[in-house]
Amino acid sequence: MATNMYDAAYALQKAITENPDFQALKASYATVQADPHAKVLFEQFRNVQLELQQKMMQGQQITEEDNAKAQQIVMQVQQNQKIAQLMQAEQRVNVFIGDLNKIVLKPLEDLYGSLA
């Protein structure tokens, strides 16, 4: 039984990597990585995101300076066509991963929903 579940999980993994939206994300990421300016800008954007997430997880206050820094990098990122395309592709992949997550977790939702 467990082997069948793992086989299904690996089949799902393969389906995800072959999905056109994932392929577009992969290509967009490669395009950003191949452009030195876009690569550095994208890394800065990711670092700011991680810093803010860590602060929130640790219960630290997000300062006006943090917000200003984030807004500045977001403006720069939005002006870079390669990064904008990457972010659009990432959003499409996030949507279908979210849909898959809902499908996979449906049995638990049904179980706990029936207990209420």
Side-chain angles (χ1 to χ4, degrees):
M1 176 74 178
T3 301
N4 291 339
M5 287 190 320
Y6 288 112
D7 290 344
Y10 285 117
L12 180 57
Q13 177 188 32
K14 184 175 188 243
I16 290 170
T17 60
E18 292 174 353
N19 179 283
D21 287 332
F22 181 82
Q23 290 297 317
L25 174 61
K26 190 174 176 181
S28 292
Y29 183 75
T31 299
V32 168
Q33 293 300 303
D35 179 326
H37 174 71
K39 181 179 178 179
V40 168
L41 185 57
F42 184 67
E43 288 172 359
Q44 290 172 345
F45 173 72
R46 296 280 310 221
N47 287 338
V48 168
Q49 280 184 317
L50 291 173
E51 287 174 21
L52 293 178
Q53 286 175 349
Q54 287 175 348
K55 279 189 170 189
M56 288 189 298
M57 289 175 60
Q58 294 171 357
Q60 295 178 9
Q61 188 72 24
I62 304 298
T63 65
E64 285 188 34
E65 182 181 328
D66 292 330
N67 281 329
K69 184 179 176 182
Q71 287 176 356
Q72 180 184 15
I73 194 78
V74 165
M75 284 179 22
Q76 291 175 5
V77 162
Q78 289 174 338
Q79 292 173 2
N80 186 295
Q81 187 63 31
K82 292 174 184 175
I83 298 174
Q85 288 176 341
L86 172 62
M87 293 175 74
Q88 290 169 0
E90 188 177 83
Q91 180 61 34
R92 288 190 303 273
V93 169
N94 283 335
V95 167
F96 88 72
I97 294 291
D99 291 345
L100 291 174
N101 192 42
K102 288 176 189 174
I103 293 166
V104 169
L105 295 177
K106 179 94 169 82
L108 291 174
E109 181 184 316
D110 290 347
L111 173 67
Y112 289 114
S114 67
L115 297 176

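The first residue of the sequence shown is numbered 1, and numbering continues consecutively from there.
- Partners of Lys102 under the side chain to side chain donor-acceptor pair (under 3.5 Å) rule, at least two apart in sequence or in another chain, do not exist in this structure.
- Note on residues 36-62: pairs passing salt bridge (Lys or Arg N to Asp or Glu O under 4.0 Å), not counting sequence neighbours, are Glu51-Lys69, Lys55-Asp66.
- Within the structure, salt bridge (Lys or Arg N to Asp or Glu O under 4.0 Å) contacts touching residues 71-81 (residues at least two apart or in different chains) do not occur.
- Residue pairs meeting the salt bridge (Lys or Arg N to Asp or Glu O under 4.0 Å) criterion with at least one partner in residues 85-101, sequence neighbours excluded, are Asp21-Arg92.
- Every residue meeting the side chain to side chain donor-acceptor pair (under 3.5 Å) condition with Gln60, not counting sequence neighbours, appears here in chain and number order: Gln58.
- Checked against side chain to side chain contact (heavy atoms under 4.5 Å, CB included), Lys106 has the following partners two or more places apart in sequence or in another chain: Asp110.
- Among pairs with a residue in residues 73-85, those fulfilling side-chain hydrogen bond (donor to acceptor under 3.5 Å, both in side chains) read Asp35-Lys82, at least two apart in sequence or across chains.
- In terms of the side chain to side chain donor-acceptor pair (under 3.5 Å) criterion, Thr17 has no residue partners (sequence neighbours excluded).
- Partners of Ala70 by side chain to side chain contact (heavy atoms under 4.5 Å, CB included), not counting sequence neighbours, listed by chain and number: Val48, Leu52.
- Summarising the geometry of Phe96 relative to Asn19, their closest heavy-atom pair is CE2-OD1, 3.5 Å, with the distance given to 0.1 Å.
- Judged as a side chain to side chain contact (heavy atoms under 4.5 Å, CB included), and not counting sequence neighbours, the contacts of Asn67 are Ile62.
- Residues meeting the side chain to side chain contact (heavy atoms under 4.5 Å, CB included) test with Leu108, sequence neighbours left out: Leu105, Tyr112.
- Residues forming a side chain to side chain donor-acceptor pair (under 3.5 Å) with Glu18 (at least two apart in sequence, or on another chain): Lys14.
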